[in-house]
Amino acid sequence: MSRRGHRPSKAPASRPRFWGRHPVTAALANPERVVRKIWGTREALGALGPLPSTIPVTFADVADLARLVPSDAPHQGLVAEVDPLEDIWLGDLLEQGRDDNRPLLVLDQVTDPHNVGAVLRSAAAFDALGIVTQDRHAPPESGALARSASGALEVVPWVRVVNLSRALEEMAEASFWRIGLTGAGTMTLAQALGPAKIALVLGAEGEGMRANTEAHCDQLARLPISPRVESLNVSNAAAIALYAVATAAG
């Protein structure tokens, strides 16, 4: 497929380490992922079944594994060193979704890896086309992110762009209706949904979307939450918004 449109940013050179059963098994199952090395207990490695002979495997006890990952990381007896996934071009992703109505998720300056991982998990659950972030204001692939994504990092396309406003323009050219979620929205998300393909734009908790990002949305909408809370965590808001889109399309 030709690579066209808004270019992705350059992926980081460092190799992340994933830990835990779901992230490691999902990485092994992803043909696009290069797994460089695996450490594990005999029990955990045995549960994986046969591994490719090209991947170096080191048997380790629980204490050894704990030294390979952040303190208190729930490694479940498995740690893998991997290469970051290859860059995905936004034009290619939009082409993949040309003939269906899968929604896109756009994250504006959401920097917490646990939030991005949880958004990826919701995106997988509701069959989103992918997520788009600005590279300078988004976390790199990491063990914490992969753990929160629970395998979804390997199956949901993640486009990192240099200029988010230009990316939103490209989505509009591909017939996406861009809905920015904000408590200041003049209508609810349900009211803003229509027959067009949807790109949901979410900002960081607290700061929200930047003004230039809001300006590149077709509609600003809010979730109908109780006044007892000011806002939702961005990953919770993404899950609710994806459910609303799926229900409207159903």
Side-chain angles (χ1 to χ4, degrees), residues 22 26 93-94 97 100-134 137-139 144-159 164 167-168 171-172 174-211 213-250:
H22 279 121
L93 182 63
L94 295 174
D100 61 55
N101 284 315
R102 286 178 290 167
L104 268 174
L105 279 170
V106 182
L107 304 182
D108 184 22
Q109 302 197 101
V110 178
T111 57
D112 186 286
H114 299 93
N115 277 335
V116 175
V119 169
L120 282 163
R121 189 173 185 178
S122 294
F126 291 101
D127 196 28
L129 178 60
I131 74 167
V132 180
T133 65
Q134 185 180 19
H137 300 289
L145 190 151
R147 176 74 180 180
S148 295
S150 193
L153 176 60
E154 309 299 329
V155 297
V156 176
W158 179 0
V159 177
L164 198 59
L168 286 164
M171 292 172 207
S175 302
F176 277 85
W177 184 251
R178 303 159 301 176
I179 300 177
L181 289 180
T182 169
T186 57
M187 61 177 63
T188 65
L189 176 59
Q191 293 168 334
L193 295 174
K197 294 192 285 189
I198 300 297
L200 295 166
V201 188
L202 299 95
E205 190 173 1
E207 294 86 356
M209 288 177 288
R210 291 170 295 171
T213 303
E214 284 194 5
H216 282 82
C217 293
D218 299 296
Q219 181 69 55
L220 299 180
R222 67 182 187 278
L223 296 176
I225 63 173
S226 162
R228 288 181 290 181
V229 293
E230 182 179 349
S231 65
L232 289 173
N233 174 278
V234 64
S235 61
N236 291 334
I240 293 167
L242 286 168
Y243 173 76
V245 172
T247 302

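Owing to the predicted nature of the structure, the values given are computational and were not obtained by experimental measurement.
- Within the model, atoms CG of D127 and CG of D100 stand 7.5 Å from one another, a figure rounded to the nearest 0.5 Å.
- Of the inter-residue distances, the one linking L129 atom CG with F176 atom CZ reads 5.5 Å to the nearest 0.5 angstrom.
- To the nearest 0.5 Å, atom CG of residue L232 and atom CD1 of residue I225 are 4.5 Å apart.
- The shortest heavy-atom contact between M209 and C217 is SD-SG, 4.3 Å.
- Separation of atoms NE2 (H137) and CG (L164) is listed at 9.5 Å; rounding is to 0.5 Å.
- Across A199 and M171, no two heavy atoms sit closer than the pair CB-SD, 4.1 Å.
- The nearest pair of heavy atoms linking A221 to I179 is CB-CG2, 3.8 Å.
- Across all their heavy atoms, L202 and L200 have their closest contact at CD1-O, 3.9 Å.
- Distance CG/L104 to CG/L93: 5.5 Å, rounded to 0.5 Å.
- Of the inter-residue distances, the one linking I198 atom CD1 with L189 atom CG reads 8.0 Å to the nearest 0.5 angstrom.
- The side-chain heavy atoms of N101 and V245, taken from C-beta on, include no pair separated by under 4.5 Å.
- The shortest side-chain heavy-atom distance between V201 and H216 does not fall under the 4.5 Å cut-off.
- Within the 3.5 Å criterion, the main-chain N or O of R210 finds a donor-acceptor partner in the side chain of D108.
- For the pair L145 and W158, the minimum side-chain heavy-atom distance is below 4.5 Å.
- L181 places none of its side-chain heavy atoms less than 4.5 Å from the side chain of V234.
- Annotation for R121 and S148: closest pair CD-O, 3.9 Å, computed over non-hydrogen atoms.
- Every pair passing side-chain hydrogen bond (donor to acceptor under 3.5 Å, both in side chains) that includes a residue from residues 181-190 is listed here, sequence neighbours excluded: T188-Q191.
- Between V110 and T133, the closest side-chain pair of non-hydrogen atoms is not below 4.5 Å.
- Nearest heavy atoms, I131 versus A123: CG2-CB, 4.2 Å.
- Using a 4.5 Å heavy-atom cutoff, the side chains of Q109 and T213 are not in contact.
- Scored by the side-chain hydrogen bond (donor to acceptor under 3.5 Å, both in side chains) test, H22 finds no partners at all (sequence neighbours excluded).
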